[in-house]
*Asks:* 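Handing you a structure now.
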Amino acid sequence: MKCKNGCRFGIMGGSFDPIHYGHLVLAEQIRTQFYLDMVYFVPVGAPSHKKDRKLADKLSRYEMVVMATMTNPYFQVSRIEIDNMDVSYTIDTVKEFRNNIGQDDTLYFITGADAIIDIETWKSCEELLSLCKFIGATRPTVNDTHLVNKVNDIVQKYDADIQLTTVPALAISSTDIRNRVKNDMSIRYLLPESVESYIHKKGLYRHR
Ligand code: ATP
Ligand code: MG
């Protein structure tokens, strides 16, 4: 991809188990706020955390992300982590992206702001912070001085580029959707219809 003055790419990692409108709103809002040329959704294969729970199989999670993002020309799905048999670390994914883009291009890692707080526990955090910029999203109603202070500390300590922004509050989570399916409650309007049909057809989350 060629862009004037370098491209701006967003990477949005997640288990997407399943993908829902919270993820899609977050990605779209940040894409437009930060003038990103493309947002890559990266479903995790074998995650390094969340070991407490077995995820739905990676192909299903990948297919749901593909279906959900299909109508947005600025969204793409990367198989990089699901094709990796080992545990996926953000540092490895970001390096791989870096190797495949131009010198002038910029990478933005998009995440919920709560994840930013723990970034020092991520593998090779210092190197990671030097390879890409971070965008942490909070809800508009959250006035979290703890979060802002923590982010300022990390920015100072590592000379990092982390920006906090707000996206419309959506109290949607994959955990809640899985629980609803298990308890025979409706998940309609929480995620795209195609993903809802896929979940029901494949019988995902019924027994977990
Ligand atoms: P789970 O409930 O299983 O933890 P999740 O809904 O948090 O799932 P993840 O796949 O863990 O989804 O999240 C991927 C990314 O999307 C994370 O950066 C997370 O902070 C962000 N995210 C998840 N839900 C929302 C939401 N409703 N609004 C904005 N961002 C969200
Ligand atoms: Mg989560």
Side-chain angles (χ1 to χ4, degrees), residues 10-34 36 39-69 72 75-82 87-91 93-94 107-119 121-122 125 128 132-142 144 147 150-151 154 162-183 185 187 189-192 195-196 199 204-205 208:
I11 302 179
M12 177 146 163
S15 40
F16 302 118
D17 193 22
I19 189 166
H20 53 68
Y21 280 130
H23 299 129
L24 294 164
V25 168
L26 173 66
E28 176 66 5
Q29 292 299 313
I30 288 185
R31 178 184 77 77
T32 53
Q33 277 180 38
F34 289 83
L36 303 182
V39 175
Y40 292 91
F41 286 71
V42 186
V44 300
S48 54
H49 44 268
K50 292 198 177 174
K51 282 197 188 109
D52 49 321
R53 185 177 72 78
K54 206 171 166 293
L55 298 177
D57 67 286
K58 53 189 180 180
L59 189 65
S60 298
R61 289 184 290 108
Y62 170 78
E63 286 181 344
M64 290 189 282
V65 177
V66 170
M67 285 188 293
T69 54
N72 190 325
F75 287 174
Q76 274 193 33
V77 192
S78 163
R79 298 185 59 105
I80 180 172
E81 292 194 2
I82 65 157
V87 168
S88 304
Y89 292 101
T90 303
I91 181 73
T93 301
V94 167
L107 277 183
Y108 292 83
F109 195 89
I110 303 167
T111 172
D114 40 327
I116 300 267
I117 289 199
D118 314 318
I119 200 159
T121 67
W122 295 17
C125 144
L128 179 62
C132 65
K133 303 183 183 215
F134 277 78
I135 304 171
T138 55
R139 290 165 197 217
T141 47
V142 177
D144 197 336
L147 174 69
K150 182 73 198 173
V151 166
I154 295 169
I162 304 176
Q163 300 186 62
L164 293 177
T165 186
T166 55
V167 293
L170 276 175
I172 303 176
S173 72
S174 302
T175 303
D176 178 59
I177 291 172
R178 291 190 303 270
N179 286 333
R180 283 171 180 275
V181 174
K182 197 171 148 189
N183 296 312
M185 291 160 72
I187 55 170
Y189 307 127
L190 298 174
L191 34 58
V195 178
E196 183 193 350
I199 289 171
L204 297 178
Y205 313 123
R208 253 179 280 147

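Worth saying up front: this structure is predicted, and the values here are computed from it rather than measured. Count residues from 1 along the sequence. Atoms within a ligand are numbered from 1 in the order they appear, just like the ligands themselves.
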*Asks:* Minimum heavy-atom separation for Ala27 to Phe75, with atom names?
*Replies:*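 Distance-wise, the nearest heavy atoms are CB-CZ, 3.7 Å.
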
*Asks:* How far apart are the C-alpha atoms of Ser173 and Asp176, what are their side-chain angles, what is the distance that settles it, and do they pass the side-chain hydrogen bond (donor to acceptor under 3.5 Å, both in side chains) test?
*Replies:* CA-CA 5 Å; Ser173 72; Asp176 178 59; 5.4 Å; no

*Asks:* Return yes or no for this condition: an N or O of Ile172 is under 3.5 Å from an N or O of ligand 1.
*Replies:*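 Between Ile172 and ligand 1 (N or O atoms, distance only) the closest approach is under 3.5 Å.
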
*Asks:* Where the side chain of Arg178 meets the backbone of Leu204, is there a donor-acceptor pair that is under 3.5 Å apart?
*Replies:*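 The answer is no, because no donor-acceptor pair under 3.5 Å joins these two groups.
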
*Asks:* I want to know if ligand 1 touches Val167 in the polar sense, i.e. an N/O pair below 3.5 angstrom.
*Replies:*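 No; the residue has no nitrogen or oxygen that sits under 3.5 Å from a nitrogen or oxygen of the ligand.
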
*Asks:* Which option out of Pro168, Ala137, Gly22, Pro18 puts a heavy atom nearest to atom 29 (C) of ligand 1?
*Replies:*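 Looking at heavy atoms only, the winner is Gly22.
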
*Asks:* When you compare ligand 1 with Leu26, is there at least one nitrogen or oxygen pair between them that comes in under 3.5 angstrom?
*Replies:*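 Checking ligand 1 against Leu26, no N or O pair falls under 3.5 Å apart.
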
*Asks:* Return the set of residues passing side chain to side chain contact (heavy atoms under 4.5 Å, CB included) with Gln33 (not counting sequence neighbours), or none when no residue passes.
*Replies:*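 Residues passing side chain to side chain contact (heavy atoms under 4.5 Å, CB included) with Gln33: Gln29, Thr165.
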
*Asks:* Which of the atoms in ligand 1, numbered in the order shown and given with their element, are less than 4.0 Å from a heavy-atom of Met12?
*Replies:*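 Near Met12, the atoms of ligand 1 are 16 (O).
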
*Asks:* Write down the atom of Ile172, the atom of Leu190, and the distance for their closest heavy-atom approach.
*Replies:*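 So the two residues come closest at CD1-O, 3.7 Å.
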
*Asks:* For ligand 1, which atoms, with element, lie under 4.0 Å from some heavy atom of Gly14?
*Replies:*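 Near Gly14, the atoms of ligand 1 are 10 (O), 14 (C).
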
*Asks:* Using salt bridge (charged side-chain N to carboxylate O under 4.0 Å, His left out) as the criterion, list what pairs up with Lys58, not counting sequence neighbours.
*Replies:*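 Lys58 satisfies salt bridge (charged side-chain N to carboxylate O under 4.0 Å, His left out) with no other residue.
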
*Asks:* Do any nitrogen or oxygen atoms of Asp17 lie less than 3.5 angstrom from nitrogen or oxygen atoms of ligand 1?
*Replies:*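 No: no nitrogen or oxygen of Asp17 is under 3.5 Å from one in ligand 1.
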
*Asks:* Return the option from Gln29, His23, Arg178 holding the heavy atom at the smallest distance from atom 16 (O) of ligand 1.
*Replies:*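 Residue with the shortest heavy-atom distance to the ligand atom: His23.
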
*Asks:* With a 4.0 Å cut-off on heavy atoms, is Ala171 touching ligand 1?
*Replies:*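 Ala171: no contact with ligand 1 (<4.0 Å).
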
*Asks:* Going by the atom numbers of ligand 1, which of them fall below 4.0 Å from some non-hydrogen atom of Thr111?
*Replies:*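 Going through ligand 1 atom by atom, the ones under 4.0 Å from Thr111 are 18 (O).
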
*Asks:* Roughly how far, to the nearest 0.5 Å, is the NE2 atom of His20 from the CD1 atom of Ile187?
*Replies:*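 One finds 11.5 Å between CD1 of Ile187 and NE2 of His20.
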
*Asks:* If you count the atoms of ligand 1 from 1 in the order shown, which ones are under 4.0 Å from a heavy atom of Gly13?
*Replies:*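 Selected atoms, number and element: 14 (C), 15 (C).
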
*Asks:* Just go through Ser173, Ala27, Gly112, Ser15 and tell me whose heavy atom is the nearest to atom 18 (O) of ligand 1.
*Replies:*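 Shortest heavy-atom distance from atom 18 (O) of ligand 1: Gly112.
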
*Asks:* Let me know which of Trp122, Phe109, Phe134 forms a side-chain contact (heavy atoms from CB on, under 4.5 Å) with Ile116.
*Replies:*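 When Trp122, Phe109, Phe134 are each tested with Ile116, the side-chain contact (heavy atoms from CB on, under 4.5 Å) holds only for Phe134.
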
